[in-house]
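The structure presented is a predicted model; accordingly, all values stated were derived computationally and were not measured. We count ligands from 1, going down the list as the structure has it; atoms in each ligand are counted the same way.
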Amino acid sequence: MITMKDIIREGHSTLREIAKEVTLPASDEDKNTLKQLMEFVINSQDPEISKKYNLRPGIGLAAPQINVSKRMIAVHVQDENGKLFSYALFNPKIVSHSVEKSYLASGEGCLSVDRDVPGFVPRHARVTVKGINLDGKEVKIRLKGLPAIAFQHEIDHLNGIMFYDHIDKKNPFQTIENAIAIG
Ligand SMILES: O=C(O)C[C@@H](Cc1ccccc1)[C@H](O)SCc1ccccc1
Ligand code: NI
């Protein structure tokens with residue numbers, strides 16, 4: 001199982017690489033990696049397992065964060081109505097997005113960043129994501145709220161982008177035009 005020692009931290013070059021597309025149909029090795037990403041996210045939200053293995057709680061994880069520079073992400077998160085969005089995807093892609101923006105009022109963090117980086121992270125308020133699931137099927141998901149933010153955070157990792165790259169350095173809490181605050 002993946003634990004915190006397997007998660008690489010900022011400064012590691014893999015976090016700044018453009019991850020490679022996964023060759024489909026996925027190999028057993030790539031399927032196992034993606035299953036492990038999802039297992040970590042679910043474990044990190046389990047009070048007993050996260051305490052036992054000292055896991056930082058997360059709602060998503062991308063393969064580059066375990067030093068696998070391939071386009072795979074796992075997201076396991078509930079929206080404001082308690083609806084669960086649980087997806088493990090190969091080659092995820094944002095195929096459309098709103099003009100309207102959103103941001104987490106509390107700012108963002110990252111399992112690969114062991115420090116607080118205050119500031120608003122502007123994201124698309126709504127996104128449509130396509131990807132390939134572990135059964136090899138194409139999925140198309142329309143997202144808003146925290147799930148939309150989580151998917152954008154994870155897909156950024158596949159493109160070598162860290163959440164703080166989006167923060168206005170001069171005014172981190174600058175009001176974001178045409179944006180919804182979440183949380
Ligand atoms: O480092 C990661 O990719 C996992 C992040 C993903 C994330 C960060 C900020 C906003 C959305 C997703 C971890 O989940 S950070 C912990 C966390 C937990 C609940 C809500 C937000 C962030
Ligand atoms: Ni992150």
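The option from L111, V121, V41 that lies nearest to atom 1 (O) of ligand 1, judged by heavy atoms, is L111.
With respect to atom 4 (C) of ligand 1, the closest heavy atom belonging to the protein is G60 O, 3.1 Å. In terms of protein heavy-atom proximity, atom 11 (C) of ligand 1 is nearest to I59 CD1, 3.7 Å.
Checked for salt-bridge contact, K101 and E177 miss the test: no charged N lies under 4.0 Å from a carboxylate O.
We find the CG-CG distance between D156 and L15 to be 12.0 Å, quoted to the nearest 0.5 Å.
Heavy-atom separations between A62 and ligand 1 are all 4.0 Å or longer.
No donor-acceptor distance shorter than 3.5 angstrom exists from the side chain of Q65 to the backbone of I8, with no hydrogens or angles considered. D79 contributes a side-chain N or O that, together with a main-chain N or O of N81, makes up a donor-acceptor pair within less than 3.5 Å.
Hydrophobic clustering (ILVMFWY, side-chain heavy atoms < 4.5 Å, transitive): Y87 and I42 are in distinct clusters.
The residue from N91, D30, T33 that alone fulfils the side chain to side chain donor-acceptor pair (under 3.5 Å) condition with K70 is D30.
Contact annotation: for R56 versus ligand 1, there are no heavy atoms closer than 4.0 Å. Proximity of P57 to ligand 1, defined as any heavy-atom pair under 4.0 Å, is confined to the backbone N, CA, C and O atoms.
To the nearest 10 degrees, the angle centred on the Ni ion (ligand 2) between SG in C110 and NE2 in H153 reads 120°.
Residue contact check: G58 has heavy atoms under 4.0 Å from atoms 13 (C), 14 (O) of ligand 1. The contact set between ligand 1 and C110, taken as ligand atoms under 4.0 Å from a residue heavy atom, comprises 1 (O).
H124 and S98 form no side-chain donor-acceptor contact under 3.5 Å, judged by distance and modelled atom types alone.
Heavy-atom contacts from other residues, nucleotides or ligands closer than 6.0 Å to CZ of R142 number 12 or fewer.
Remark: ligand 1 and G109 share no N or O pair separated by less than 3.5 Å (distance only, no angle test). Where the criterion is an N or O separation shorter than 3.5 Å, residue side chain and backbone included, E154 meets it with respect to ligand 1. On a distance-only criterion, S112 and ligand 1 share no N/O pair closer than 3.5 Å.
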